[in-house]
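First up is the structure itself, then whatever we jot down about it.
Model, not experiment: these values are computed from the prediction. For this chain, numbers begin at 1 and follow the sequence in order.
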Amino acid sequence: MKNTRSAPCDQAPRDPRAVALLAADGSLTYAELAARADERAAALRRQGLRPGQLVLCSVAVPASEWLTMRWALAQQEAALLPLGAGVATDARQTLIAATGTEWVWEAPTLLHATGITTADEAYWPEDPLQLIACTSGSTGAPKAAMLTRGQVASASAAVAARLALGRGDLWLCCLPLQHIGALAIGDRCAHAGATLLLQQGFQVAAMGAALRDYPVTHLSLVPPMLARLLEAGIMPPPTLRVALLGGQALERTLAQRALTAGWPLYLGYGMSETCALVASRAVRAAAGAATDAVDTCTLEPLPDVRLAAPPCGAEPGRLRLSAPMLMAGYANPRRVRGLGLDADGWLTTADHACLTPEGALRIIGRADERLIVAGVKVSPAEIEERLRQAPGVTDCLVVGLPEPVWGQRLAVLYVGTVSRAALEVWCRARLPSVQRPRAFVRLNALPWLPSGKPDRRRALALADAALGAGQEVFDVAAVAPEQ
């Protein structure tokens, strides 16, 4: 018999009087949330929602509406496809078509049919699809992970156990709601009977107030957020036990500063394909406060997570993994399982890694060309395409320069007649912050490999040399190609 009272994931026993949600639009106990979800689920059924169907939901709604919808869909064994605010109509339609989405939700209760009909085999009664989590995206069709009820429950249970999350605890979430990092926090709290303190967006003052006014025990951040809290002089409350860092590498100097200030740092590694975390570890202060002794790249896999990578000391290779929380496959209109997984059901990631003799994981870096800025993966090709539309730009390359707080900062190397100052003004007006170059290098020619592809390694060297030279137009011949 179908469980019509299920939360977004299987959970430990909860006190129905305990607070499930604290947010700007009010609070909900678990009993109130369950009652609202019952009512919402009934309304959705009357409109035609069936088990196994997929509903696109915008995150630009009050927090209580969002959480109610998540629970209602779980009760109906229907799946959620979250959509970030401000997504263009054509991009939304592409996502709907690529995933076979049957419904679009308009808060609070109205469903709109997309006209898509999915075959009956798209419903998996033994382990229903519960969530489709978009990855960081690409220049082609949208890419998203299909996560089932069992996979979400496995992830929630494993992380709650690793980070000692239980009843009475309070997890402060300020991450974007459409990202797996935020989605997973809500599921962990539902599993453990803890409280979700939700802030829809990161603001330093609001974070400081929440940490001052509430007994926060757990917190998720990307490193640039941590840096801004430190710069503002915000201290961790005595109740805080876990400040989980993910999204990009944690720079050692930043880690040491935070540890010295009393922040209980934990590293986290995971992705949409694994319902967030598959490995974590507490970061310990280095003896004598030696920054270079702080280990910010070694993590311990969660129970039942299997990893395959070369041993540390050898040439790093692509990390492969298998886990109970690993996705059913990448989303597709027919919801066929297994897309994106190896023949043996493992996932080959885009990260270079190695394994210690004890089985710990060390992440070395990205195996592809994607850049990570403030915890967000960006595509150089996508930015280059936009920059080529700027008046006076003939051609360009975008590279990532190391930056201790933001992970990387974008630099554009270009040829053309527009000045560096004028191009910077154009970028400020037309590019979102995470895609906007912070350094501009005007060249007399771009560096190319014999194959005709851009020489990105040489481009990085050119950026370093040119930014120190202060010339309006830098000669590409000043940095010779590597032999």
Would you say [atom1] of [X] has more than 12 non-hydrogen atoms from neighbouring residues, nucleotides or ligands within 6.0 angstrom?
X: F202; atom1: CZ; value: yes
X: D304; atom1: CG; value: no
X: Q47; atom1: CD; value: yes

Sequence neighbours left out, cut at 3.5 Å: what donor-acceptor pairs do the side chains of residues 322-330 make with other protein atoms?
from	atom 1	to	atom 2	distance (Å)
S322	OG	R306	NH2	3.2
Y330	OH	E273	OE2	2.6

Below 4.5 Å, heavy atoms only, C-beta onward: do [X] and [Y] meet side chain to side chain?
X: P82; Y: L183; value: yes
X: V412; Y: R436; value: no
X: M69; Y: V55; value: yes
X: W105; Y: H112; value: no
X: E403; Y: V373; value: no
X: P301; Y: L321; value: no
X: L219; Y: W263; value: yes

Do [X] and [Y] have a side chain donor and acceptor closer than 3.5 Å?
X: R92; Y: S58; result: no
X: D187; Y: S156; result: no
X: S280; Y: R162; result: yes
X: T348; Y: D342; result: yes

Sub-3.5 Å donor-acceptor pair from the side chain of [X] to the main-chain atoms of [Y], do we have one?
X: R281; Y: Y266; value: no
X: H179; Y: G84; value: no
X: D25; Y: P62; value: no
X: D169; Y: G166; value: yes
X: R456; Y: V398; value: yes
X: R318; Y: A353; value: no
X: T195; Y: L21; value: no
X: S27; Y: L22; value: no
X: E384; Y: L397; value: no
X: E102; Y: L54; value: yes

Determine whether R241 and T217 satisfy the following criterion, side chain to side chain donor-acceptor pair (under 3.5 Å), listing intermediate values before the conclusion.
CA-CA 5 Å; R241 306 197 306 269; T217 59; 4.6 Å; no

Is any NZ, NE, NH1 or NH2 atom of the basic residue among E39 and R46 found under 4.0 Å from an Asp or Glu carboxylate oxygen of the other?
no

Side-chain ion pair, R362 and E300, N-O less than 4.0 Å
no

Under the side-chain contact (heavy atoms from CB on, under 4.5 Å) test against L131, which residue among L73, I180, T148 passes?
I180

To the nearest 0.5 Å, what is the distance between [atom1] on [X] and [atom2] on [Y]?
X: L229; Y: L221; atom1: CG; atom2: CG; value: 6.0 Å
X: L387; Y: L431; atom1: CG; atom2: CG; value: 5.5 Å
X: L83; Y: L56; atom1: CG; atom2: CG; value: 5.0 Å
X: S433; Y: L410; atom1: OG; atom2: CG; value: 9.5 Å

How far apart are the C-alpha atoms of D344 and R320, what are their side-chain angles, what is the distance that settles it, and do they pass the salt bridge (Lys or Arg N to Asp or Glu O under 4.0 Å) test?
CA-CA 11 Å; D344 57 3; R320 298 179 71 244; 2.9 Å; yes

Go through it in stages, so that I can follow the logic: the residues are S220 and W171, the test is side chain to side chain donor-acceptor pair (under 3.5 Å), and I'd like the CA-CA distance, side-chain angles, deciding distance and then a yes or no.
CA-CA 8 Å; S220 290; W171 197 313; 3.2 Å; yes

R40 and side chain to side chain donor-acceptor pair (under 3.5 Å): which partner among Q75, Q76, E65?
E65

Start with the C-alpha distance between R409 and L401, add both sets of side-chain angles, then the distance that settles side-chain contact (heavy atoms from CB on, under 4.5 Å), and finish with yes or no.
CA-CA 5 Å; R409 65 187 178 111; L401 303 176; 3.9 Å; yes

Can you confirm if the NZ or CZ of R36 lies within 45° of the ring axis of W71 and under 6.0 Å from the centre of its six-membered ring?
no

Yes or no on side chain to side chain donor-acceptor pair (under 3.5 Å) for R50 and T118, after CA distance, side-chain angles and deciding distance?
CA-CA 11 Å; R50 301 197 315 271; T118 305; over 6 Å; no

List the steps, then state whether side chain to side chain donor-acceptor pair (under 3.5 Å) holds for T99 with N332.
CA-CA 5 Å; T99 55; N332 57 91; over 6 Å; no

